[in-house]
J.: 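Can you read through this structure? Questions will come right after.
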Amino acid sequence: MRPELCHSINAEMRLMILDAGVLRTQMLYRNDVFARHAASEKGVNKSYRHAGYRQYILIHHRRLGLGMMRPVPSCCTWAIRDTFPDPDGFYVPYEPSW
């Protein structure tokens, strides 16, 4: 994929999906269990990654819910992972809900 076509480089992505303050607000709003109990950097970054994925889907598809999973483009997934890395490099791959 050509870099200029990747969602990960646009300003909206950087502000709404990669900004820890925006994601922290989203997690608090949702009363996110993972965020409230994340005691380590690994746990905090995992919470931010999941919040970033949810935020991307919400912005680009407008809906979330059971059986409505949508993949996040690889370039965006890696931008989120690079911003909030797992210290062990362990990431769970996307699995379709169908």
Side-chain angles (χ1 to χ4, degrees):
M1 174 177 268
R2 294 182 8 219
E4 63 272 14
L5 299 179
C6 181
H7 292 286
S8 68
I9 61 169
N10 82 30
E12 177 184 57
M13 171 79 171
R14 284 190 295 273
L15 175 63
M16 299 300 294
I17 299 170
L18 299 178
D19 184 86
V22 170
L23 296 178
R24 190 171 31 258
T25 301
Q26 182 232 48
M27 289 186 296
L28 288 172
Y29 177 76
R30 291 187 72 244
N31 199 11
D32 195 315
V33 173
F34 295 114
R36 290 195 300 148
H37 300 295
S40 67
E41 178 184 350
K42 182 176 182 172
V44 170
N45 279 354
K46 181 178 181 178
S47 296
Y48 282 135
R49 283 194 306 277
H50 286 272
Y53 304 143
R54 285 192 305 266
Q55 192 84 332
Y56 176 89
I57 297 300
L58 184 61
I59 289 169
H60 292 281
H61 297 286
R62 307 283 185 231
R63 294 180 61 167
L64 295 170
L66 186 63
M68 300 180 65
M69 293 180 65
R70 302 276 193 265
V72 175
S74 178
C75 58
C76 296
T77 297
W78 281 106
I80 293 167
R81 289 175 179 177
D82 288 344
T83 304
F84 306 107
D86 182 286
D88 301 321
F90 178 76
Y91 302 101
V92 178
Y94 170 77
E95 294 182 21
S97 60
W98 33 269

J.: Out of curiosity, does Leu15 fall in the hydrophobic cluster containing Ile57 (side-chain heavy atoms, cut-off under 4.5 Å, transitive links)?
T.: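 In one cluster with Ile57: Leu15, yes.
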
J.: Is there side-chain contact between Asp86 and Asn45, with at least one heavy-atom pair below 4.5 Å?
T.: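 Contact flag for Asp86/Asn45 side chains = no.
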
J.: Under the side chain to side chain contact (heavy atoms under 4.5 Å, CB included) rule, collect the residues that match up with Asp19, sequence neighbours excluded.
T.: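 Partners of Asp19 under the side chain to side chain contact (heavy atoms under 4.5 Å, CB included) test: Val22.
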
J.: Is there a donor-acceptor contact under 3.5 Å linking the side chains of Tyr91 and Arg49?
T.: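 Not at all, the side chains of Tyr91 and Arg49 share no donor-acceptor pair under 3.5 Å.
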
J.: Are the side chains of Tyr48 and Met27 in touch, meaning some heavy atoms are under 4.5 Å apart?
T.: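 SC-SC contact between Tyr48 and Met27 confirmed.
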
J.: Residues two or more places apart in sequence or in another chain: which of them pass salt bridge (charged side-chain N to carboxylate O under 4.0 Å, His left out) with Asp82?
T.: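 By the salt bridge (charged side-chain N to carboxylate O under 4.0 Å, His left out) rule, Asp82 matches no residue at all.
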
J.: Taking side chain as C-beta onward, heavy atoms only, is His50 less than 4.5 Å from Phe84?
T.: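 Answer no - side chains too far apart.
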
J.: Return the set of residues passing side chain to side chain contact (heavy atoms under 4.5 Å, CB included) with Thr83 (not counting sequence neighbours), or none when no residue passes.
T.: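 Result, side chain to side chain contact (heavy atoms under 4.5 Å, CB included) vs Thr83: Leu18.
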
J.: Does any part of the side chain of Tyr53, heavy atoms only, come nearer than 4.5 Å to the side chain of Cys76, both counted from C-beta?
T.: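 Counting from C-beta outward, Cys76 and Tyr53 never come under 4.5 Å.
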
J.: Which atom pair, heavy atoms only, marks the closest approach of Leu23 to Met16?
T.: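 What the structure gives for the nearest pair is CD2-O, 4.0 Å.
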
